[in-house]
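Order of appearance sets the numbers: ligands from 1, and atoms from 1 within every ligand. The figures that follow rest on heavy atoms only: side chains count, while hydrogens, waters and symmetry mates do not.
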Amino acid sequence: MSEEKSLTADILVIGCGIAGASAALEAAKSGLRVIVVTKNSKLEESNTYYAQGGIVSLGHDDYPELLKEDIVQSGDGINNPAAVDILASEGKKAVDDILIKDLKIPFARSAPDSLDYAQEAGHSRRRILHIKDTTGKTVEERFIQALKKYSNVKLLADHTAVDLLTIPHHSKNPTFYYEEPHCVGAYVLDNESGRVRTIFAHYTILATGGCGTVYLYTSNPRGAIGDGYAMAYRAGARIVNMEYIQFHPTSLFHRDAGGFLISETVRGEGARLKTKEGKTFMENYNKKRELAPRDEVTRAIYEEMTNSNSSYVYLDLVSYAKFDIRKRFPNIYRTCLEYGIDITKEPIPVVPAAHYCCGGVLVDEWGKSSLRSLFAVGEVSCTGVHGANRLASTSLLEGLVWGTRASKYIASHFNPAVSYKSSDIHEWYYPEKGEEVDPALINQDWISIRSTMWNYAGIIRTKKRLERARADLDYLRHRIEKFYKEVKMDAKVVGLKHGILVAQLITYAALGNPVSLGSHYLLD
Ligand code: SIN
């Protein structure tokens, strides 16, 4: 790996899930020089990798208008109609052209010449393409394999983005102050050496995914801290709708399972939610029962748990499955078995978990943010597709469509007018003492953030709880900024600073919105 202190690219892509990888692939095809950074040591590690259910296409007797209706109904009507239109009208073609024809992704088939479409909550048709219950893994692996074939793409694992480089903010040259603010790349920490490198780019695409790990219980992998929201906010880009945090109704209830997801397709295939006493309850909340919108199922579970003072409910697949569970859900079967639960014989204990952020960096139909030269795609962005509550399995599709659109736009408007060099901007500041940080302190700060968010800014919110969260987080932010100023820079410190800011963004947004809607549910 190159040890150069500064690097230059036409496009810097931060994050390598489906959105970042689609952007990088499209840019690579158009011959632009691309650098992709991910903070993980494995390029594939991302939210996408763990996506189980699948990706929305159009099923039999299905059409874009119907998909649009489902998206808007799930989003409680506050979706951006132009963005919904793009997703519904371009989605299937993107799946066919990029995933099926180009990357040859082997989606499950019901017959040799017919794709198999799964069902999920809120969809009026079976239209989810899947590879059993490990869709994201295959999709992600195929993208990385494809990207490795391009000599104009540099893939940097183990590189944590610390801050976006903006002119004039980071500039040493006083004449730059007259320029319109714009993004020219990022400071990126090489996790191994502990040195911060400067990556200059004509365009920067944020594809850092979501922020589930600011909550105590989440289905997201540990890296989903929300780095992109924090960096974009500091750089001055508009961030919207952060109060709409979607909770997935069913993650495995087990101390060591780390929020392992029990896919909605399990309910799509007939599984029913039951109390600990074995009674179904969804019929008391919504006539669509287990296939009611995700936020409603989550709140119903929460209420049942609260009423019976229980830490979980059951998801019973075995009593309803008319198929071989091991074949349809091999990953869920295997993982549950590792934790001592045989889903072919017994119901699965489940709890809700923070799953998806419907808000983010506000972007237009091409992924452009309000800050010139900064784009955002995938979960970190807010196109407005999801409104107040995302429809299941639309996230991979949104990442694919907007990742590709962003790079198409850049390639057709490419204008490398100004190039910056290291001497134009401020050097990264390394504290003189640079002490190693005590992990016990970092852990405790994370526990405080996560419990505050779970208890006060979680599934059911009240003004009082949110005010308490704001006070606690403000104080914690102040402590974190002060305490970690002089420590040696590492990925954990960067993550903590981003995490506390993201928790504040969610809480302030929730406090600023008195209307209870979708995944922002206010009791009072
Ligand atoms: C799932 O498989 O339940 C997750 C799908 C999604 O969140 O879109």
List, pair by pair, the atoms of ligand 1 and of the protein that are both N or O and lie under 3.5 Å apart, giving the separation rounded to 0.1 Å.
unit_1: ligand 1; atom_1: 2 (O); unit_2: Gly53; atom_2: N; d: 3.0
unit_1: ligand 1; atom_1: 2 (O); unit_2: Ser263; atom_2: OG; d: 2.6
unit_1: ligand 1; atom_1: 3 (O); unit_2: His248; atom_2: NE2; d: 2.7
unit_1: ligand 1; atom_1: 3 (O); unit_2: Glu264; atom_2: N; d: 2.6
unit_1: ligand 1; atom_1: 7 (O); unit_2: Arg294; atom_2: NH1; d: 3.0
unit_1: ligand 1; atom_1: 7 (O); unit_2: Arg294; atom_2: NH2; d: 3.1
unit_1: ligand 1; atom_1: 7 (O); unit_2: His355; atom_2: NE2; d: 2.6
unit_1: ligand 1; atom_1: 7 (O); unit_2: Arg390; atom_2: NH2; d: 2.7
unit_1: ligand 1; atom_1: 8 (O); unit_2: Arg390; atom_2: NH1; d: 2.8
unit_1: ligand 1; atom_1: 8 (O); unit_2: Arg390; atom_2: NH2; d: 3.3
unit_1: ligand 1; atom_1: 8 (O); unit_2: Ser393; atom_2: N; d: 2.5

Original post:
Does a sphere of radius 6.0 Å around NZ in Lys276 hold more than 12 heavy atoms from other residues, nucleotides or ligands, not counting ones at 6.0 Å or beyond?
Top reply: yes
Subject >> Val363, Thr204, Ile205 screened by side chain to side chain contact (heavy atoms under 4.5 Å, CB included) with Leu374, the one that passes >> reply: Thr204
**OP:** Return the set of residues passing salt bridge (Lys or Arg N to Asp or Glu O under 4.0 Å) with Asp76 (not counting sequence neighbours), or none when no residue passes.
**Re:** none
Subject >> Test side chain to side chain contact (heavy atoms under 4.5 Å, CB included) applied to Glu365 and Ile86, Val401, Thr383, Asn80, the passing residue >> reply: Ile86
Original post:
Less than 4.0 Å between a side-chain N and a carboxylate O, is that true for Lys68 and Glu65?
Top reply: yes
Original post:
Ring centroid separation for Phe247 and Tyr215, is it under 6.0 angstrom?
Top reply: yes
